[in-house]
Amino acid sequence: MDRLIIFDTTLRDGEQSPGASMTKEEKVRIAKQLEKMRVDVIEAGFAAASPGDFEAVQAVASAIKDSTVCSLARAQAGDIQKAGDAIKPAAHGRIHTFIATSPIHMQHKLRMQPDQVLAAAVDAVKFARTLTDDVEFSAEDAVRSEIDFLCRVFEAVIDAGAKTINVPDTVGYSIPDLWAERFKTLIERVPNADKVVWSTHCHNDLGMAVANSLAAVRAGARQVECTINGLGERAGNASLEEIVMAVRTRKDVFNVATGIDATQIVPASKLVSTITGYPVQPNKAVVGANAFAHESGIHQDGVLKHRETYEIMRAQDVGWHTNKLTLGKLSGRNAFKTRLSELGIELEGEVALNAAFKKFKELADKKSEIFDDDLHALVSDEAVTPEVEHFQLVSITAHTETGEEPFAKVTIAEDHKEKHAESRGAGPVDATFSAIESIAHSDAELLLYSVNNVTQGTDSQGEVTVRLSKGGRIVNGIGADTDIVVASAKAYVNALNKLAGAQKLNPQLSP
Ligand code: KIV
Ligand code: ZN
């Protein structure tokens with residue numbers, strides 16, 4: 001069986017979803033989970049987009065040893081140099097350079113003639129090869145590019161030293177038959193096609209990103225670019241979990257194997273959802289809460305008699321039910337530290353560990369059983385190091401009573417100076433947010449407020465995501481607590497800190 005390379009672009013194309021921009025620390029956490037899942041290539045970002053992006057790519061390159069770490073770069077020397085610098089610490093580093101090849105992009109966006117585009121592509125690949133041996137070239141909007149021109153460009157960049165040729169359906173326009181046809185034609189007609197790995201990168205505008213990617217695999221593609229939960233520009237990218245499980249479940253059809261440890265899929269999905277604030281729809285294939293639930297009596301009866309009557313995959317094979325009961329009130333610091341490291345969570349330094357352990361003890365006082373998901377939520381909640389926070393939640397009182405207008409009183413430390421405020425609102429969360437706002441005066445627009453239970457039961461922690469927008473910048477704040485008003489206040493304060501501290505804009509590269 002041929003090997004299918006899984007190229008994850010959650011940290012780059014996924015980050016291009018509105019509001020999904022991630023901090024350096026968040027990117028490193030996700031990258032470590034991707035490495036644990038044995039993703040072949042992690043596209044960590046677009047190093048030239050901003051100093052923040054550069055640092056994030058560099059941090060991922062330093063933290064990851066087993067997967068290849070990649071940075072995107074336009075076909076321009078400055079971008080490529082930055083990408084090369086950012087991936088320098090990587091054990092295996094790749095530069096992914098791209099330029100658009102469709103008439104509509106060349107004429108209206110690049111304002112370049114086809115020959116200029118071809119020359120820029122060749123120069124970009126040659127320059128990238130002086131910085132690393134592993135160079136990938138993408139023809140942006142390949143789906144709407146003329147096939148003759150595409151063949152010319154690919155032949156030239158392969159001669160220039162590209163090792164992977166990526167064919168993107170940038171606008172999610174293709175359909176499976178046509179996408180497979182395009183790959184067959186390219187592989188047949190490009191004379192040096194056998195010297196490279198052919199890669200597919202599909203967007204989901206017509207809901208066919210996964211189907212198109214799989215059609216490309218059937219036609220000879222041996223790398224798929226995809227994201228966890230299908231996150232990405234507009235309607236998103238092909239979803240990693242669906243691609244991996246499709247080729248695994250139907251190996252009779254695809255005859256390829258990935259190196260992915262599928263039991264890490266659900267933990268990765270949860271982590272990405274928590275960090276980005278993008279919930280997973282319950283009926284989402286593989287990672288949705290209902291993906292393995294059987295509602296109808298006939299189905300339940302069938303599954304009880306013989307699981308395979310209605311199930312083509314096993315829930316535990318993709319990492320469901322790994323939410324183990326792990327720790328309790330009496331667990332010590334060592335047990336806590338060990339379980340965190342088993343979960344792939346590494347806290348930097350004793351101070352961070354002590355702070356997280358203190359929170360764990362507080363949680364264990366309220367909630368007798370601590371599950372793995374509680375630990376993930378606790379660490380997400382702890383992710384912003386207190387000393388760099390502009391605002392800190394000191395205390396909160398919220399009051400609700402039937403027939404009375406809800407009321408909240410908060411104390412917030414702004415640059416270590418305590419300020420108090422109270423407010424009324426439609427509910428306790430509304431009152432809390434307006435009290436915090438009367439201290440912070442951020443004037444940010446609230447784009448999203450969502451609450452999810454971390455585990456089962458009414459003593460579960462609530463994990464709250466707050467998405468704020470101000471001056472073109474969109475940030476997500478996360479907070480977790482067994483009291484959802486407190487979790488909401490933490491999430492709001494976390495979002496305010498990100499607005500105050502974020503140094504980078506979300507790079508909106510492709511259309
Ligand atoms: O969709 C696209 O064309 C891209 C390229 C930069 C690979 O994301
Ligand atoms: Zn894309």
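Indexing begins at 1, ligand by ligand and atom by atom, following the structure's order.
- Distances between N or O atoms of H96 and those of ligand 1 include no value under 3.5 Å.
- For ligand 1, the polar-atom distance check finds no N/O of N166 at less than 3.5 Å from any of the ligand's N/O atoms.
- At a 4.0 Å heavy-atom cut-off, ligand 1 touches R12 through the side chain alone.
- Using a cutoff of 4.0 Å between basic side-chain nitrogens and carboxylate oxygens, D148 and R189 are scored as salt-bridged.
- Applying the salt bridge (charged side-chain N to carboxylate O under 4.0 Å, His left out) rule to pairs touching residues 116-135 yields R94-D134, R129-D133, sequence neighbours excluded.
- Among heteroatoms of the N, O or S kind in D13, OD2 lies nearest the Zn ion (ligand 2).
- The parts of T170 lying near ligand 1 are both backbone and side chain, judged by heavy-atom distances below 4.0 Å.
- Seen from the Zn ion (ligand 2), atom NE2 of H203 and atom NE2 of H201 lie 100° apart in angle, a value rounded to 10°.
- Taking OG1 from T132 and CD1 from I87, the interatomic distance works out to 5.0 Å, rounded to the nearest 0.5 Å.
- Proximity to H203 (heavy-atom distance under 4.0 Å) selects the following atoms of ligand 1: 1 (O).
- If you number the atoms of ligand 1 from 1 as listed, the ones under 4.0 Å from a heavy atom of E140 come out as 3 (O).
- Under 4.0 Å is where a charged nitrogen must lie from a carboxylate oxygen, and between D261 and K36 no such pair does.
- The existence of a salt bridge linking R234 and D13 is excluded, since no basic side-chain nitrogen approaches an acidic carboxylate oxygen closer than 4.0 Å.
- Using a 4.5 Å heavy-atom threshold, the side chains of T276 and M22 count as touching.
- With a heavy-atom cut-off of 4.0 Å, H201 touches ligand 1 through its side chain alone.
- Salt bridge absent: K195 and D159 never bring a charged side-chain N and a carboxylate O closer than 4.0 Å.
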